[in-house]
Structures are given as C-alpha cells and as structure tokens.
Amino acid sequence: MASQDWFDKDFYKVLGVSKDASDAELKKTYRKLARQFHPDSNPGDTAAENRFKEISEAYSVLSDKEQRAEYDQVRAMGSGARFTAGGAGQGGGFEDVFGGMFGQQGGGGQRVRFGQGGGGGFEDILGGMFGGGGGAGFGQPSGGYRGFGGPTKGRDVTATTTLDFTTAIAGDTVKLSQGNGRPVNVRIPAGVADGQKIRLRGRGEQSPDGGDAGDLVVTVHVRKHPVFERDGQNLRVDVPVTFVEAALGATIQVPTLGGEPVKLRVAPGTPSGRVLRVKGRGVATKNGTGDLLATVQVAVPSHLSDKAREAVEALAAALPDEDPREDLLAKARS
C-alpha cells in the first residue's frame, strides 16, 4: 500500500467500526462484509469487487496489531496531509508535518524530502520511527483475493491411524496426539475404507493473521481380516463344502462379521466358485448397506482310506463318461 493511502483512507470507516473496536468485532465485521461483496458471490459486478478489495485492504492493516498501531500513529500526525513538491512559499503540506518533528521551520528553509526509490525513502523513515525494517513496503497487504489483504487460512495438519477390520466397518472414536502434544478425538465413520482420508475442519494450525484455522486430515489404514474381505459395500468370504455336500446338496452355516452365523442352502450339484448371497449383511455406510457374498469352495480330501477309495472308484464307474474340460478346450482352439 502506498504511504499516502494511510492518510487518505479511513479504514475504520471502510469497515464501519469505531476506532476502539476489538479484534473480535473487526473479524466478525470483516467476515460479514467479505461474504456480501466477494467476487464469487457477485460475478461480473465490478463495484462489488472494488468494495471487496477496500474492506480486505482495511482488514489486513487493522487485524495486525503492529500495523494497526502504526496506522493510528500516522493518522494522528495530521489527517489529510499531502506529498508536496516543496516549492518556495508552499506550506502546510506533508513535509511540513515532519519538518516540525525534525526541528525545521514550516514554510521556509530546507525541506525534508521523502522519496519512494532506493534508500532513505518515506517507508525507511517510518520504519525507523516505528521499529519496522528499512526497505520493506509499509503496510503492504498480503494474501486474500487477488493479492488484496484478507486473512489467510492456517496450514493443514496431517495424521494417520490404523484400525482393525471390524472397527473400520462399525466406526469408532479414536484419540490422536497432535504435534503440539494435545490429544484430539476423531470420529471414524462406519464403513471407512483403507486409505480413506477424513478431514476435520478447523482442527489444524491457527491462522497467522486472524483467518480460519487449517484442517486436520487423517489417513486411515485398515488391517486385513483373516476371514472376510471387503468389496465396495459388500463383504466376501470363502466357504468350504465337502464333495458330498456339493453333489447332494446341504444346509450349511456361514459366518457373519460381528454376528451369529447364518444358514445357507447349497443346491445339489453346486460347483466350486458359485457365489451365494446373504442380503444386508455387508458394509453399512451412508450410501446404503451391502451384502455378504459367500463363495463355495469344494474341499477335496487329501487322504482316503481303502474303503473310501473303493467307494470313490465305484462312484466313478457309475457316473457318465464325461470330460468336464471338453468345452474349455474347444473354446481355446476356436
């Protein structure tokens, strides 16, 4: 911001607050005006955009304690002062204000000049008076819309947590330790997936200039389950059945996650790999509840007694002479 602006512009009037307004009042007023005049809310409205720049410019100065103190002191030196060329016979200008401060006579003699280039300019002098660094822009706003003032959001903070499979499906509240040592409770929604990120608004680092705090972003890792596997909103489980059960049919028990087993009917002649569905016993999320998908796996005995072997050989002799791979081989050749 040019130094002259600090004399020309009444930032308190721009925001519509008194000179003794508290930080909380400034922040509340700025947010209200920013929402009203933000360019995103007024597309194509040049007047609204200019108004937004004005209030952002004003807040960027008044929200910073050091800049606000400097602004108040500069304004107290003489409202309405102007840069002058310092010609003979000209008095009462901006330079006269500082001429009196440095022991010089207003309206005559050598005048003090305040340039904007190189060293020794206006900003350098004010910087020395008020403790600021030489050469830096005096009261220069940062952040905000198109470089015009406005508070900046605090930085996001990241964290990770690992849950067991059942907890991830059911949901839970976990306690995490932030970098500053303070614990924070994080609600894990039911049905969270491995690698999913959960964002907690305003739980990150504080803004350096009165803006909104950053967010806490938690990445969830889920341990594998020894029995169940997740497939979207469905749960999958492999269920072994005997050759007899698959051939003749049977009613079997199938496990469910966190509940009692359910009974399923295996039809006679069920092949290995057939999927049996249990409605509503999958993953419950805000988008609905999936199913439990039980995949039949025919278990072949690894050891047979002599009597059992004779029975199987008798069965083989009684079965039709069929090759179950005939269709597969034919498709492969085509």
Q: Evaluate the side chain to side chain donor-acceptor pair (under 3.5 Å) criterion for residues D64 and Y71: first the C-alpha distance (whole Å), next the side-chain angles of each, then the deciding distance (0.1 Å), finally the verdict.
A: CA-CA 10 Å; D64 184 292; Y71 171 75; over 6 Å; no
Q: Could you tell me whether a side-chain N or O of R230 sits under 3.5 Å from a main-chain N or O of G191, the two making a donor and an acceptor?
A: yes
Q) Mind checking whether D212 and R201 have side chains closer than 4.5 Å, heavy atoms only? A) no
Q.
I188 vs T167, test: side chain to side chain contact (heavy atoms under 4.5 Å, CB included). Steps then yes/no.
A. CA-CA 9 Å; I188 306 297; T167 301; over 6 Å; no
Q. CD of Q67 to CG of D72: how many Å apart, nearest 0.5 Å?
A. 11.5 Å
Q: Determine, using the 4.5 Å side-chain heavy-atom cutoff (strictly less than), whether L200 and V217 are members of one ILVMFWY cluster.
A: no
**Q.** Separation of N50 CG from I55 CD1 (nearest 0.5 Å)
**A.** 11.5 Å
Q.
Test your reading of the model: is there a side-chain donor-acceptor pair from D215 to the backbone of D156, 3.5 Å cut-off?
A. no
Q: Indicate yes or no: at least one non-hydrogen side-chain atom of V218 is less than 4.5 angstrom from one of L176.
A: yes
Q: State, to 0.1 Å, how close Y12 and S18 come at their nearest heavy-atom pair, and which atoms those are.
A: CD2-O, 3.4 Å
Q. Between K331 and D327, is the closest basic N to carboxylate O distance under 4.0 Å?
A. yes
Q: Report the C-alpha separation of K153 and S207 in whole Å, then their side-chain angles, then the decisive distance to 0.1 Å, and conclude whether the side chain to side chain donor-acceptor pair (under 3.5 Å) test is met.
A: CA-CA 5 Å; K153 182 181 177 182; S207 167; over 6 Å; no
Q. Should H221 and T219 be marked as a side chain to side chain contact (heavy atoms under 4.5 Å, CB included) after you check the CA-CA gap, both sets of side-chain angles, and the distance that decides it?
A. CA-CA 7 Å; H221 298 294; T219 302; 4.1 Å; yes
Q: Drop me the distance from R277's CZ to L293's CG, to the nearest 0.5 angstrom.
A: 5.0 Å
Q: Check the pair T162 / R223 against side chain to side chain contact (heavy atoms under 4.5 Å, CB included), numbers first and verdict last.
A: CA-CA 7 Å; T162 301; R223 298 187 185 96; 3.9 Å; yes
Q) Per the side-chain contact (heavy atoms from CB on, under 4.5 Å) rule, which among V227, T166, V283 passes with L257? A) T166
Q: Determine yes or no for a side-chain-to-main-chain donor-acceptor pair under 3.5 angstrom, with E245 supplying the side chain and V266 the backbone.
A: no
Q: Provide the closest heavy-atom pair for A170 versus A190 in the form atom of the first, atom of the second, distance.
A: O-CB, 3.5 Å
Q.
Surrounding CD of Q297 (heavy atoms of other residues, nucleotides or ligands, distance under 6.0 Å), is the total greater than 12?
A. yes
Q. To the nearest 0.5 Å, what is the distance between CG (L276) and CD1 (I252)?
A. 6.5 Å
**Q.** Q233 side, atom CD; I169 side, atom CD1 - distance, nearest 0.5 Å
**A.** 10.5 Å
Q) If every non-hydrogen atom of A294 is compared with every non-hydrogen atom of V254, which pair is closest and at what distance? A) CB-CG1, 4.1 Å
Q | Interatomic distance, R68 atom CZ to Y59 atom OH [nearest 0.5 angstrom] | A | 10.5 Å
Q. How about V174 and L163: do any of their side-chain heavy atoms sit closer than 4.5 Å?
A. yes
Q | Short N-O contact, K53 and E49, less than 4.0 angstrom | A | yes
Q | Distance-minimising heavy-atom pair for V14 and L33 | A | O-CD1, 4.4 Å
Q | Within one Ile-Leu-Val-Met-Phe-Trp-Tyr cluster: V241 and V275, side-chain cutoff 4.5 Å | A | no
**Q.** side chain to side chain contact (heavy atoms under 4.5 Å, CB included) between L235 and V237, worked out
**A.** CA-CA 7 Å; L235 291 177; V237 59; over 6 Å; no
(Q) Please check this pair: side chain of N234 against backbone of L292, looking for a donor-acceptor N/O pair closer than 3.5 Å. (A) no
Q. Quick check: are there more than 12 heavy atoms from other residues, nucleotides or ligands sitting under 6.0 Å from CG of D323?
A. yes
**Q.** Distance-minimising heavy-atom pair for L62 and L26
**A.** O-CD1, 3.6 Å
Q. Any donor-acceptor pair under 3.5 Å linking the side chain of N42 with the backbone of D45?
A. no
Q: Check whether more than 12 heavy atoms from other residues, nucleotides or ligands sit under 6.0 Å from atom CD of E313, and answer yes or no.
A: yes
Q.
If hydrophobic clusters are built from ILVMFWY residues whose side chains come within less than 4.5 Å, do V244 and L304 share one?
A. no
Q) Of the non-hydrogen atoms in Y30 and S56, which two are nearest, and what is the gap between them? A) OH-OG, 3.6 Å
Q: Flag yes if more than 12 heavy atoms outside E229 fall under 6.0 Å of its CD atom; otherwise flag no.
A: no
